[in-house]
Amino acid sequence: MEIIKELIIQYGYFGVFFSLLAGILGVPIPDEVLLLTIGYLSYIDFLHITPALIVSIVGSFLGMSLSYYLGIKLGAPFLEKYGPRFYLSIKRQYQVRGLLTKHGKWIIFFGFFIPGIRHLTGYLSGIAKMKYSTFAMFSGIGSIIWAPSFILSGYLLGNRWLVIRENVYAHKILYSFIFFSILILVITSYILYKHMANRYISKDNVDRING
């Protein structure tokens with residue numbers, strides 16, 4: 001993260017753009033921390049908030065589009081062979097592929113907010129030959145909401161962001177446990193909701209037939 005921060009300090013908006021592009025493609029960069037830091041640098045007037053927002057949205061969207069293009073051109077064997085080198089494990093690839101198959105375009109949008117899924121949806125959408133217009137619409141909306149959410153949070157937090165960042169680094173195991181516990185709870189609740197809804201629909205259809 002310190003290397004990325006130095007890159008932004010040295011190259012400004014070009015550093016912001018290429019850091020986000022690389023992060024989306026799978027280079028192990030903590031994207032959310034990067035965006036919060038961009039917000040903080042805007043708060044201290046090192047960057048201007050409006051161009052920082054625009055460059056971040058464009059960088060994340062082009063990163064998604066490039067990963068989609070690579071997915072089309074290189075295919076699943078390339079991702080399975082080289083993905084683990086960028087922490088995109090085979091297990092995670094199959095998990096995200098299953099989510100895309102089941103939830104389609106919506107996982108592209110919601111995946112922006114889940115590290116590990118965000119980095120794979122572009123590749124796997126390309127491999128699945130999803131229409132680019134559909135992919136671009138949902139990844140565009142995701143970029144417009146995801147990047148500004150964290151940048152504006154860093155901007156509004158100001159100097160408090162430095163204290164929060166140190167606190168998160170000091171207790172990252174605890175916060176990771178809490179985050180994934182909440183994520184599992186949300187996913188489990190959604191699955192149970194869908195299961196109960198399907199059972200209700202099936203029962204209603206049976207009652208209509210018997211009636």
Side-chain angles (χ1 to χ4, degrees), residues 1-43 46-47 49 51-71 79 83-89 92-93 95-96 99-100 107-126 135-136 138-157 161-162 164-169 172-173 175-176 178-180 182-183:
M1 190 60 227
E2 290 304 316
I3 295 173
I4 297 300
K5 187 176 177 181
E6 288 300 319
L7 182 68
I8 293 172
I9 290 173
Q10 187 168 353
Y11 295 104
Y13 300 109
F14 289 104
V16 170
F17 175 81
F18 286 109
S19 296
L20 275 166
L21 185 74
I24 293 291
L25 289 174
V27 176
I29 295 171
D31 297 320
E32 284 80 6
V33 177
L34 169 62
L35 291 169
L36 287 164
T37 302
I38 292 169
Y40 171 73
L41 292 174
S42 301
Y43 168 78
F46 181 81
L47 300 171
I49 188 67
L53 287 168
I54 294 170
V55 169
S56 298
I57 291 169
V58 172
S60 57
F61 175 73
L62 289 181
M64 291 291 284
S65 295
L66 183 55
S67 63
Y68 171 90
Y69 176 80
L70 290 173
L79 185 60
R85 297 186 184 183
F86 294 93
Y87 302 96
L88 306 176
S89 67
R92 186 168 292 172
Q93 290 179 38
Q95 289 173 339
V96 177
L99 288 171
L100 271 171
I107 201 64
I108 298 170
F109 171 76
F110 289 109
F112 260 97
F113 298 89
I114 309 174
I117 291 182
R118 173 175 63 250
H119 306 94
L120 280 166
T121 50
Y123 291 108
L124 294 175
S125 295
F135 174 81
F138 282 89
S139 61
I141 294 171
S143 299
I144 289 169
I145 295 175
W146 173 69
S149 295
F150 286 94
I151 291 175
L152 292 174
S153 295
Y155 184 83
L156 294 172
L157 286 170
W161 160 234
L162 298 178
I164 293 170
R165 187 179 69 175
E166 292 304 316
N167 185 270
V168 169
Y169 281 147
K172 59 185 177 182
I173 295 176
Y175 289 123
S176 297
I178 293 172
F179 171 78
F180 285 108
I182 294 172
L183 180 62

Euclidean distance, S149 OG relative to I144 CD1, rounded to 0.5 Å: 11.5 Å
L157 side chain near Y40 side chain, heavy-atom distance below 4.5 Å: no
F46, CZ: over 12 other non-hydrogen atoms inside 6.0 angstrom: yes
Note, F17 side chain near F14 side chain (heavy atom, < 4.5 Å): no
Atom of P148, atom of I57 and distance for their closest heavy-atom approach: CG-CD1, 3.8 Å
Nearest heavy-atom neighbours spanning Y13 and P51: OH-CG, 3.5 Å
Non-neighbouring partners of F61 that pass ring pair (Phe, Tyr, Trp, His ring centres under 6.0 Å), sequence neighbours left out: none
Set of side-chain contact (heavy atoms from CB on, under 4.5 Å) partners for F110, sequence neighbours left out: W106
Exam field: side chain S67 to backbone M64, donor-acceptor pair closer than 3.5 Å: yes
Point-to-point distance, once rounded to the nearest 0.5 Å, from OG of S56 to CZ of F150: 12.5 Å
Between CH2 on residue W146 and CD1 on residue I151, distance to nearest 0.5 Å: 8.5 Å
Atom of G23, atom of D31 and distance for their closest heavy-atom approach: CA-OD1, 3.5 Å
Which atom of S19 lies closest to which atom of L7, heavy atoms considered: OG-CD2, 3.4 Å
Atom pair CD1/CG of I8 and L34 - distance to nearest 0.5 Å: 5.0 Å
Between CG on residue L62 and OG on residue S139, distance to nearest 0.5 Å: 9.5 Å
Short side-chain to backbone donor-acceptor contact, Y123 and L25, under 3.5 Å: yes
Any I141 side-chain heavy atom under 4.5 Å of I108 side chain: no
Rounded distance [0.5 Å steps], CD1 in I54 versus CD1 in I49: 10.5 Å
Nearest non-hydrogen partners of G63 and I24, listed with the distance: C-CG2, 3.4 Å
Nearest atoms (heavy-atom pairs only) where I145 meets F113: CG2-CZ, 3.7 Å
